[in-house]
Structure formats: structure tokens, C-alpha cells
Amino acid sequence: MYGVIIEAAINGSTRKQTNPNVPVSVSELVADALACFEAGAGIVHQHDDFAAVAEPGARGMAALAAAVYREVLAVVPDALLYPTANFPAGPDGL
């Protein structure tokens with residue numbers, strides 16, 4: 001018998017300018033991650049935009065992910081979570 005693991009990528013590289021519903025803030029990311037786990041996801045990951053974090057680079061992104069994961073893990077202690085970085089592709093950052 002084979003099992004299935006559902007992984008939810010909750011925001012991809014989409015920006016608010018393209019889709020105002022895409023989660024980027026801590027509260028938005030937490031809400032979407034929890035909704036995905038409630039719906040049956042086994043793994044959740046988010047893409048963090050360098051421009052969306054207060055401190056540029058990896059430390060700012062790590063702080064954002066840690067803030068999200070603390071809240072998610074308080075509700076789903078065995079949650080599998082990981083961050084992914086977005087890198088601007090061109091002069092407009094998209």
C-alpha cells in the first residue's frame with residue numbers, strides 16, 4: 001500500500017501587487033499554514049521575499065520564518081515546515 005504526502009506551498013513567488021490575497025505577513029502565513037494542516041497537508045512551506053522582511057538577507061528571512069513557525073508549532077507541534085527564498089528576477093523584482 002502506498003501513502004500520499006501533501007505539501008502545500010502557501011505563497012510561491014507571487015507578490016501582493018499580483019494577488020492581494022497572497023500571504024506575506026506573519027499573521028497571514030500562520031493562518032494559511034494552519035488551514036493547510038487542518039485540510040490534511042503533511043508539509044507546508046512558504047517563500048519569503050527579501051523585500052518583505054525588515055532585515056535584509058538571510059537573517060531577516062530566518063526571523064520571519066521563526067515567528068511563523070513558533071505560532072504554527074504551538075498549535076500543530078509535529079508540523080513539518082520550511083522556508084524558501086524569493087530572488088528578484090529583473091529590474092522590477094518580478
Side-chain angles (χ1 to χ4, degrees):
M1 182 162 176
Y2 298 107
V4 174
I5 297 173
I6 299 170
E7 179 174 347
I10 58 177
N11 58 3
S13 60
T14 303
R15 308 292 201 278
K16 286 278 191 192
Q17 304 92 297
T18 304
N19 179 353
N21 299 305
V22 70
V24 294
S25 71
V26 170
S27 61
E28 293 169 335
L29 291 165
V30 168
D32 277 20
L34 291 174
C36 289
F37 284 120
E38 178 68 25
I43 303 169
V44 170
H45 84 270
Q46 87 281 355
H47 292 250
D48 295 325
D49 184 358
F50 282 142
V53 296
E55 183 182 344
R59 285 183 290 185
M61 292 175 61
L64 175 65
V68 172
Y69 298 164
R70 275 191 289 276
E71 290 191 41
V72 172
L73 290 168
V75 177
V76 185
D78 61 347
L80 296 176
L81 304 151
Y82 70 92
T84 304
N86 287 342
F87 297 95
D92 61 358
L94 301 175

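Count residues from 1 along the sequence.
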statement: Residue pairs meeting side-chain hydrogen bond (donor to acceptor under 3.5 Å, both in side chains), one or both in residues 64-73, sequence neighbours left out, come to Gln46-Tyr69
- request: For a side-chain contact (heavy atoms from CB on, under 4.5 Å) with Leu29, tell me which candidate from Val44, Asn11, Val24 qualifies.
  value: Asn11
query: Taking all non-hydrogen atoms of both residues, which atom of Ala33 and which atom of Val72 are closest, and how far apart?
result: CB-CG2, 3.8 Å
Report, one line per pair, each donor and acceptor closer than 3.5 Å where one atom sits in a side chain of residues 36-43; sequence neighbours left out.
none

Summary of salt bridge (charged side-chain N to carboxylate O under 4.0 Å, His left out) pairs that have at least one residue in residues 20-32, sequence neighbours excluded: Lys16-Glu28
- request: Check the hydrophobic clustering (I, L, V, M, F, W, Y; side-chain heavy atoms under 4.5 Å; chains of links allowed) and say if Ile6 and Ile10 are grouped together.
  value: no
- request: Group every Ile, Leu, Val, Met, Phe, Trp and Tyr by side-chain heavy-atom contacts under 4.5 Å, then state whether Val68 and Tyr82 land in the same group.
  value: no
